[in-house]
There are 2 protein chains.
Amino acid sequence: MKLGVSPDTFPPRSHEAKRISVVGAAASVFCREGFAGANIDLIAAEAGVSRQTVYNHHGDKEKLFVAVVRDLTERCNAGIFATIATFPDQPGNLEADLIGFAMRMNRNCICNRDGRFLRKLIQTEGERYPELFAEWREQGPGRTWSALAARFARLAYAGHLAIKDPDVAARQFLALINAELQISFMLGGMPDDEEVLQSATNGVRTFLSAFGRQKSASHAARKSALVGA
Amino acid sequence: MKLGVSPDTFPPRSHEAKRISVVGAAASVFCREGFAGANIDLIAAEAGVSRQTVYNHHGDKEKLFVAVVRDLTERCNAGIFATIATFPDQPGNLEADLIGFAMRMNRNCICNRDGRFLRKLIQTEGERYPELFAEWREQGPGRTWSALAARFARLAYAGHLAIKDPDVAARQFLALINAELQISFMLGGMPDDEEVLQSATNGVRTFLSAFGRQKSASHAARKSALVGA
DNA sequence: GACGAATTGGACAAGAGTGTCTAATTTTGT
DNA sequence: ACAAAATTAGACACTCTTGTCCAATTCGTC
């Protein structure tokens with residue numbers, strides 16, 4: 001809004017910057033403590049702002065919570081679609097390209113701060129805010145899955161995969177590349193790059209064993225060695 | 001509450017029955033409201049007991065919470081191992097048997113009341129109680145995965161599957177049979193039998209496409225039709 | 001029927017948190 | 001530099017919740 005007024009460095013600091021700071025701190029506190037356990041004083045302190053400013057900007061604990069969820073939803077969806085845009089439509093090495101895509105998906109959408117926060121908030125408070133939840137549901141997983149399914153369908157049409165139901169394949173792809181990260185998620189922790197790579201690699205290999213065409217050279221070799229056929 | 005006043009049927013009602021009732025109600029309320037939001041009065045009312053009785057039995061909100069988690073952990077683990085004991089070691093029809101097993105796993109361990117409650121409590125309050133969490137982690141997923149991996153390894157050794165790493169296969173099996181239930185879990189809702197069957201069927205089919213040996217008659221037929229090899 | 005233990009409902013103090021208000025101070029725009 | 005707007009710190013009323021205490025009642029057992 002008030003961008004670039006001052007000479008240099010940090011032009012927009014006061015009004016909008018504080019708002020952002022508050023929403024960010026609120027996300028963190030709501031996640032750690034839950035809605036009921038979250039303390040406005042703590043949020044204000046963590047944002048480096050007085051309590052009154054929190055009320056001036058958002059009016060209400062509940063309104064603040066809604067603002068947090070909307071903010072996270074928006075950024076997460078943006079990240080997801082930016083990542084889906086990097087899907088390997090014309091793969092050189094299908095396995096390597098899909099592993100790279102899986103890594104980006106995990107890193108940028110599922111394991112990052114926004115993704116973990118949003119997931120936790122939906123899990124903990126989703127039942128209390130059905131409208132907010134419905135909104136996320138439409139914009140989030142629904143579109144993600146169909147967008148991803150479309151990409152897989154294209155890949156199958158081009159002869160790189162043998163897929164009967166692209167929607168099922170898309171969901172299973174996501175499930176597989178996250179299969180080994182479930183415990184880390186339960187802990188609320190952030191899996192390290194090693195784990196993410198391992199999970200993505202194992203997931204993509206199994207996915208290709210199930211849906212790959214024998215054509216793919218390296219894959220066919222690995223598969224025949226594995227299955228012994 | 002005044003059940004079984006008659007001569008027999010329910011000898012131990014008062015003391016222990018109330019304890020169980022309180023723990024059950026507390027599980028429900030802790031799940032809905034979170035630890036901070038849970039109200040002892042509400043728990044007491046939901047258990048059909050006075051607030052004082054809650055304090056008499058468990059002494060403290062925190063102690064009550066620990067009791068709830070221990071109770072859920074115990075019952076969930078028992079259910080999981082009882083279900084793993086039904087794993088098809090000598091399958092007649094591998095696909096059908098695995099789908100049946102997947103259904104039992106989903107229904108009795110993951111989608112039932114205890115499973116959903118425990119998962120949610122760990123997600124929401126796990127970070128606040130690291131010891132409790134570590135205990136569950138050792139007893140729960142760790143043992144589950146290795147027990148399941150052992151079963152898959154045996155199946156592979158008997159020639160029914162082609163598995164390189166049984167641990168990975170076990171985790172991916174669980175991920176696949178739940179792939180289509182993720183949204184329901186996010187909602188905290190209970191997926192109906194139709195959804196569970198669909199998810200289990202799709203998951204097992206993909207699992208067998210990836211790890212099945214061509215030998216299996218019906219499977220080989222389906223696979224060759226699918227992959228065109 | 002009687003005794004002891006458990007349960008109940010209610011009152012209670014203590015503490016914590018929300019949301020409001022105000023006066024003083026700082027920041028921003030002109 | 002000046003005026004308007006935003007921010008701050010603190011006090012405040014109000015509500016809610018926890019955990020304790022107690023007298024009356026009920027329940028299980030002998």
Side-chain angles (χ1 to χ4, degrees), chain A residues 1-26 28-68 125 128-129, chain B residues 1-26 28-68 125 128-129:
Chain A
M1 302 302 154
K2 313 273 174 96
L3 298 173
V5 176
S6 309
D8 45 24
T9 52
F10 289 160
R13 204 182 70 249
S14 230
H15 204 62
E16 204 59 20
K18 277 183 202 288
R19 180 185 201 87
I20 293 171
S21 176
V22 168
V23 172
S28 171
V29 174
F30 278 134
C31 277
R32 281 207 314 274
E33 317 286 347
F35 180 83
N39 183 324
I40 301 275
D41 286 4
L42 183 59
I43 292 174
E46 204 151 308
V49 171
S50 79
R51 176 175 63 244
Q52 189 58 36
T53 297
V54 176
Y55 284 105
N56 285 343
H57 278 261
H58 298 97
D60 202 339
K61 189 179 183 181
E62 193 154 323
K63 291 198 190 74
L64 175 57
F65 180 79
V66 172
V68 166
E125 314 291 342
R128 198 185 315 278
Y129 299 90
Chain B
M1 288 309 138
K2 305 277 169 86
L3 300 172
V5 178
S6 314
D8 41 31
T9 54
F10 289 160
R13 200 182 73 250
S14 228
H15 205 62
E16 206 57 20
K18 277 183 202 290
R19 180 185 200 86
I20 293 171
S21 177
V22 168
V23 172
S28 171
V29 174
F30 277 135
C31 276
R32 281 206 315 274
E33 317 286 347
F35 180 83
N39 184 323
I40 301 275
D41 286 3
L42 183 57
I43 292 174
E46 204 151 307
V49 171
S50 79
R51 176 175 64 243
Q52 188 59 35
T53 298
V54 176
Y55 283 105
N56 285 343
H57 277 259
H58 298 97
D60 201 340
K61 188 179 183 181
E62 194 154 322
K63 290 197 190 75
L64 175 58
F65 181 78
V66 172
V68 166
E125 314 293 342
R128 198 184 315 279
Y129 299 89

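Worth saying up front: this structure is predicted, and the values here are computed from it rather than measured. Within every chain, numbering begins at 1; the chains are lettered A, B, ... in the order of the sequence lines, protein sequences first and strands thereafter.
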Task: Heavy-atom side-chain proximity of H57(B) to V22(B) below 4.5 angstrom - done: no
For nucleotides 21-24 of chain C, print each protein N/O atom paired with a nucleotide N/O atom at under 3.5 Å, atom names and distance only.
residue: dC21(C); atom: N4; partner: Q52(A); partner atom: OE1; Å: 2.6

Open item on the list: Restricting to side chain to side chain contact (heavy atoms under 4.5 Å, CB included), what partner residues turn up for R128(B), sequence neighbours left out?
Closed with: E33(A), E125(B)
TODO: Report the residues that fulfil salt bridge (charged side-chain N to carboxylate O under 4.0 Å, His left out) with E62(A), sequence neighbours left out, ordered by chain and then residue number.
DONE: none
Task: All side chain to side chain contact (heavy atoms under 4.5 Å, CB included) counterparts of E46(A), not counting sequence neighbours - done: A25(A), S28(A), V29(A), R32(A), L42(A)
- [ ] Indicate whether OP1 or OP2 belonging to dA6(D) is found under 4.0 Å from a side-chain N or O atom of T53(A).
- [x] no
Task: Contacts of type salt bridge (charged side-chain N to carboxylate O under 4.0 Å, His left out), residue R19(A), not counting sequence neighbours - done: none
- [ ] Applying ring-ring contact (aromatic ring centres under 6.0 Å, His included), name anything that partners H58(A), two or more places apart in sequence or on another chain.
- [x] none
Task: Any residue meeting side chain to side chain donor-acceptor pair (under 3.5 Å) with D60(A), in chain and number order, not counting sequence neighbours - done: none
Open item on the list: How many whole angstroms separate atom NZ of K61(A) from atom P of dT15(D)?
Closed with: 18 Å
- [ ] Calculate the interatomic distance between Y55(B) atom OH and dG9(C) atom C1'; express it in whole Å.
- [x] 15 Å
Open item on the list: Tell me the interatomic distance from K18(A), atom NZ, to dA6(D), atom C1', rounded to whole angstroms.
Closed with: 9 Å
Task: Rounded distance in Å - CZ (R19(A)) to P (dA6(D)) - done: 12 Å
TODO: Under 4.0 Å between any heavy atoms, over every strand shown, what does H57(B) touch: base, sugar-phosphate, or nothing? Just pick one.
DONE: sugar-phosphate
TODO: Check each residue of residues 28-39 of chain A for a non-hydrogen atom within less than 4.0 Å of any atom in DNA chain C, then write out the ones that pass by number, or none.
DONE: A38(A), N39(A)
Open item on the list: Nearest heavy atom decides the nucleotide; on that basis, is S50(B) or R51(A) closer to the 5' end of DNA chain C?
Closed with: S50(B)
Task: E16(A) CD to dA5(D) P, straight-line distance once rounded to whole Å - done: 18 Å
Open item on the list: List the residues meeting side chain to side chain contact (heavy atoms under 4.5 Å, CB included) with N56(A), not counting sequence neighbours, and say none if there are none.
Closed with: Q52(A)
TODO: Would you kindly give the CG-to-C1' distance between N56(A) and dT27(C), to the nearest whole Å?
DONE: 15 Å
Open item on the list: Rounding to an integer number of Å, can you tell me how far K63(B) NZ sits from dG19(D) C1'?
Closed with: 11 Å
Open item on the list: Over the length of the helix from dG1(C)-dC30(D) to dT30(C)-dA1(D), how much do the five-pair end axes diverge, rounded to 10 degrees?
Closed with: 40°
- [ ] Applying ring-ring contact (aromatic ring centres under 6.0 Å, His included), name anything that partners F35(B), two or more places apart in sequence or on another chain.
- [x] F30(B), F65(B)
Task: Sole candidate of N39(B), I43(B), D41(B) that passes side-chain contact (heavy atoms from CB on, under 4.5 Å) when paired with R51(B) - done: D41(B)
- [ ] Considering non-hydrogen atoms only, spot the tightest contact between V49(A) and V54(A) and give its length.
- [x] CG1-N, 4.4 Å
TODO: Round to the nearest Å and state the distance from H58(B) atom NE2 to dG19(D) atom C1'.
DONE: 16 Å
